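All ligand and atom numbering here is 1-based and tracks the order in the structure. In this text the structure is predicted, and so the values were computed from the model without any measurement.
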Amino acid sequence: MTTQVSTNGNGAVKSATLYFGSNTFNTSVMQSKLPKEIFNSLKTTLDLGEKLSPDIADAVAHAMKEWALEHGATHYCHWFQPMTGATAEKHDAFLSFDKDGSVIDRFSGSQLIQSEPDASSFPSGGMRATFEARGYTAWDPSSPAFLMEGPQGITMCIPSVFISYHGEALDEKAPLLRSMAALSKSATAMLHLLGKKNVTHVTTYLGAEQEYFLVDRELYEQRPDLMLTGRTLIGNLPPKGQQLEDHYFGSIPDRVLDFMQETEKELYKLGIPAKTRHNEVAPHQFEIAPIHEVTSLAADHNLLTMETMRKVAERKGLALLLHEKPFAGINGSGKHNNWSMGDSTGKNLLDPGETPESNLNFIVFLVATLKGVHKRAAVLRAAIASAGNDHRLGANEAPPAIMSVFLGEQLDAVLNAIERGEVKEASAQQFIELGVSQLPAVSKDNTDRNRTSPFAFTGNKFEFRAVPSSMPIAIPNSILNTAMSEAIDDMREAIEAEMKQGKALDAAALEVVRKEVKATKAIRFEGDGYSEAWQKEAKKRGLPNLKNTPEALAIWNDQSTRDVFTKYGVLTAEEIDSRYHVRLERYVKDVDIEIKSLLLMIKTQVLPACVSFQGEMAGSFSELVAVNKSLKLPAKAIATQAAALKSLATNISLLMERTEKLEASLAGLHKGGLEAHAKHCANVLLPSALAVREVADALEMQVDKDYWPVPSYLDLLFKM
Ligand code: ADP
Ligand code: MG
C-alpha cells in the first residue's frame with residue numbers, strides 16, 4: 001500500500017482556467033469553427049430548445065468532426081442514460097471508405113442527430129418487446145459533445161436521449177428535459193401574472209454534492225460482497241468508528257488528495273466545474289461538489305463525475321464505493337440535490353429580494369415548493385427509492401423516509417405571521433418588519449441548518465438531501481419539477497380566481513399564499529427528523545412513511561399521481577408502467593444478488609474458516625484436558641474454556657441453520673409476480689440475511705484474525 005503522489009502528471013501545476021472545457025465542443029469552439037450564420041442559427045436553436053434542422057446539422061457535424069480529429073479522436077458515440085442507473089455508449093469509428101474505395105474519416109449530420117444502437121438489451125419495462133428492438137438515440141444539443149480519453153485513443157461522445165421507435169422515452173434524460181420544459185411553462189405563466197412580463201422562460205439549476213467512499217483496491221478485491229454488491233454484507237465496526245468526529249473536514253490523506261486532484265483535472269477538461277472537496281463524517285468517506293448548472297447539464301456532469309472517479313480510483317489502486325450504505329454502523333452516502341429555479345432575466349426565484357415585489361414573488365415560489373412537496377410527498381419518496389437507499393431512509397439514518405420541509409426559524413416565523421393574517425399588504429414596511437430581506441444571510445448561516453431534514457431551504461435554494469449517492473439525478477429531478485409545475489399552476493389559477501372576485505394582484509397573491517401556508521402546514525418540520533417522536537407526529541399529520549422500496553414505488557399505481565405526469569407530458573401512462581416495472585425489478589435483482597453473494601461468502605469462506613478454527617480450539621482443549629491430569633486446574637477453569645469452545649460451536653451451528661433457512665427462502669423468491677417478489681425481498685429475504693449476518697459478525701469476534709477469510713472493517717476503513 002505505497003502512496004504515490006504525483007504533484008501533477010506533467011510537472012507544473014496549471015490553473016484550471018487554462019484548460020477548463022478543453023475537451024468539450026463548447027460555445028466558443030462552435031463560434032470559431034462554424035460560419036457565422038450557422039453559429040447564430042444553432043445558438044437560437046439551443047436557446048429555444050428547438051429541433052436542429054438537417055442543413056445546420058451537416059455543418060455542425062463537419063465542424064465537430066474536424067475538432068475531434070484535431071484532438072486525436074478516432075471514434076464517436078451517442079452517450080445516453082438508459083434505465084440501468086448507468087450510462088451507455090456504443091462507439092463507431094470515423095473510419096469509412098469513399099466511392100473510390102479510399103479510406104476517409106466520415107461523420108454526417110444524420111450521424112450526429114440520430115443513431116440506432118440496436119439497444120435491445122436495455123431495460124424497457126415491457127415497453128418494447130425485444131423483437132422490435134429499435135430504439136434510437138438523438139443528440140441533446142443542450143449538452144455539449146465531449147472527448148473521452150481512453151488508454152489507447154480518444155472517443156467523441158454526443159450526449160443523447162434514448163427513445164423507442166414509437167417515441168417513448170427509454171432513458172432518464174428525456175423525461176428530465178420534458179419536466180424542465182413543463183416547469184418553465186408553469187413558472188413563466190406565474191411570473192407573467194405577477195407582472196414580470198419580460199420573462200421568456202425559467203430554468204432549473206442543480207448542484208449535486210456527491211458523497212463516496214474509497215478503499216484500497218487490493219483489499220476490495222478480497223471481498224466478494226464489495227465487488228458484487230458495492231457494500232459489505234458482513235463485518236463488525238472496530239472500537240473506533242466515527243464517534244470522535246475527527247474525520248469530517250479533517251486533513252485529506254495524500255493518497256486520497258492525489259486521487260482527488262487527478263479526478264478534478266479530468267473533470268475540468270470536460271468542463272465540469274468541480275469546486276469543493278473534503279473528508280466526510282465516516283472514515284474513508286469523502287465528498288465532491290461542483291458549482292451548480294442547468295439541471296440537464298448537471299445531470300450529465302454528475303454521471304461523468306461518478307464515471308471519472310471510478311476510473312481514476314482504479315488507476316490509483318483504489319476502489320470507489322458509491323453505494324448508499326457500504327458499511328454498517330457508520331454513515332452512508334447521499335447526494336444532496338441543491339435545486340433552484342431561475343428566470344430568463346437571471347433572477348433566482350428562490351432568492352428573497354430586496355424590494356416588496358421580489359419578496360412577494362419569493363414567498364409565492366417558496367410556498368409553491370411547500371405545496372408541491374406536500375401534495376406529492378409519496379412520489380418524491382418513490383423517486384429516491386432503491387435497495388441501497390432503503391438502508392438510509394427509514395433505517396434510523398439520515399434522512400428519514402418521511403418527506404418534510406425545513407425552512408429555518410426565521411422563515412418559519414414569517415409564514416406563521418402570514419397565516420395569522422398579520423401580513424396585510426406586500427409593502428416594503430411589512431417585509432422589512434418581517435425581516436424577509438435579511439433571509440439569505442440568515443438561512444445560509446450554518447447554525448441554522450437542520451441536517452436531519454430530507455428537504456431543507458438553504459438561503460436561496462432547496463436541498464433535497466435524501467437522494468441516493470449512486471442514483472442519476474435525472475430521476476428525482478424530473479419528479480420534483482413535475483410536482484412543482486402542478487403546484488405553481490394550481491396557485492396561479494387560485495390567484496386568478498381571487499382577482500376575478502375583484503381583488504388586486506398583491507392582495508390576491510397574499511390571500512392564496514395564506515391559504516396554502518395553512519393547507520401545507522403538515523409538511524413543515526423544524527425538529528429532529530431522526531427522532532421517534534417525529535415518526536409519531538408525522539403519522540398524526542397524515543404524512544406518508546414508506547419504509548422500503550416496494551412500499552414507496554406502489555404510488556405509481558395511484559391514479560392522481562399518474563395523471564399529473566401525463567398532464568404535464570413528462571411521462572405517458574406506458575412510460576410510468578415501464579418505470580415502475582424497471583425500478584421494482586431492479587430492486588428484486590439487487591436483493592437477489594446480495595443474498596447470493598452473502599451465501600457465497602458464508603458457505604465458501606466464513607463457515608470453512610470457523611470450522612477450521614473450531615478444530616484447532618477443540619484440539620487444544622483436549623490436549624489441555626490431557627495435561628490437566630498433572631496440572632490439576634480447578635474445575636471452574638476447565639469449565640470456562642469448555643464454555644468458550646461450546647459458544648463457538650453453538651454459533652457455527654446457528655450460522656449453518658440460518659444459512660440453510662436463507663437459502664430456502666431464496667428458493668421462494670420466484671413464486672408469484674414481480675410485486676410479490678419485491679415484498680418477499682423486503683419482508684423475508686433481507687431480515688433473514690440480517691439474521692445470518694448477526695451470527696457471522698458474532699463469530700468474527702470469536703475467531704483468530706488469521707483465520708478470518710476476508711479483510712475486516714479495520715483493514716478497509718483505517719488502512720490507506
Ligand atoms: P451549502 O454549504 O450552503 O450547502 P454551498 O455553497 O456549499 O452551499 O453549495 C452546495 C451546492 O449547492 C453547490 O453545488 C452549489 O453550487 C449549489 N448551489 C448554490 N447555489 C445554488 C442555486 N441557486 N441553485 C442550485 N444550486 C446551488
Ligand atoms: Mg450543502
Which atoms from ligand 1 have a heavy atom of [X] less than 4.0 Å away?
| X | answer |
| --- | --- |
| Asn348 | 23 (N) |
| Ile291 | 16 (O) |
| Glu463 | 4 (O) |

Can you find a non-hydrogen atom of Lys275 under 4.0 Å from ligand 1? no
Side chain, backbone, both or neither: which part of [X] comes within less than 4.0 Å of ligand 1 when only heavy atoms are counted?
| X | value |
| --- | --- |
| Thr276 | neither |
| His292 | both |
| His336 | neither |

Salt bridge (Lys or Arg N to Asp or Glu O under 4.0 Å) partners for Lys196, two or more places apart: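 Checked Lys196 against salt bridge (Lys or Arg N to Asp or Glu O under 4.0 Å); matches are Asp343.
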Return a yes/no value for Trp339: is any of its N or O atoms, backbone included, closer than 3.5 angstrom to an N or O of ligand 1? no
Do any N/O atoms on Thr458 end up under 3.5 angstrom from N/O atoms on ligand 1?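 No - when backbone and side-chain N and O of Thr458 are compared with those of ligand 1, no distance drops under 3.5 Å.
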Side chains of Arg381 and Leu393 in contact at under 4.5 Å (non-hydrogen atoms): yes
Donor-acceptor pair between Asn23 and Glu149 side chains, under 3.5 angstrom: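 Yes.
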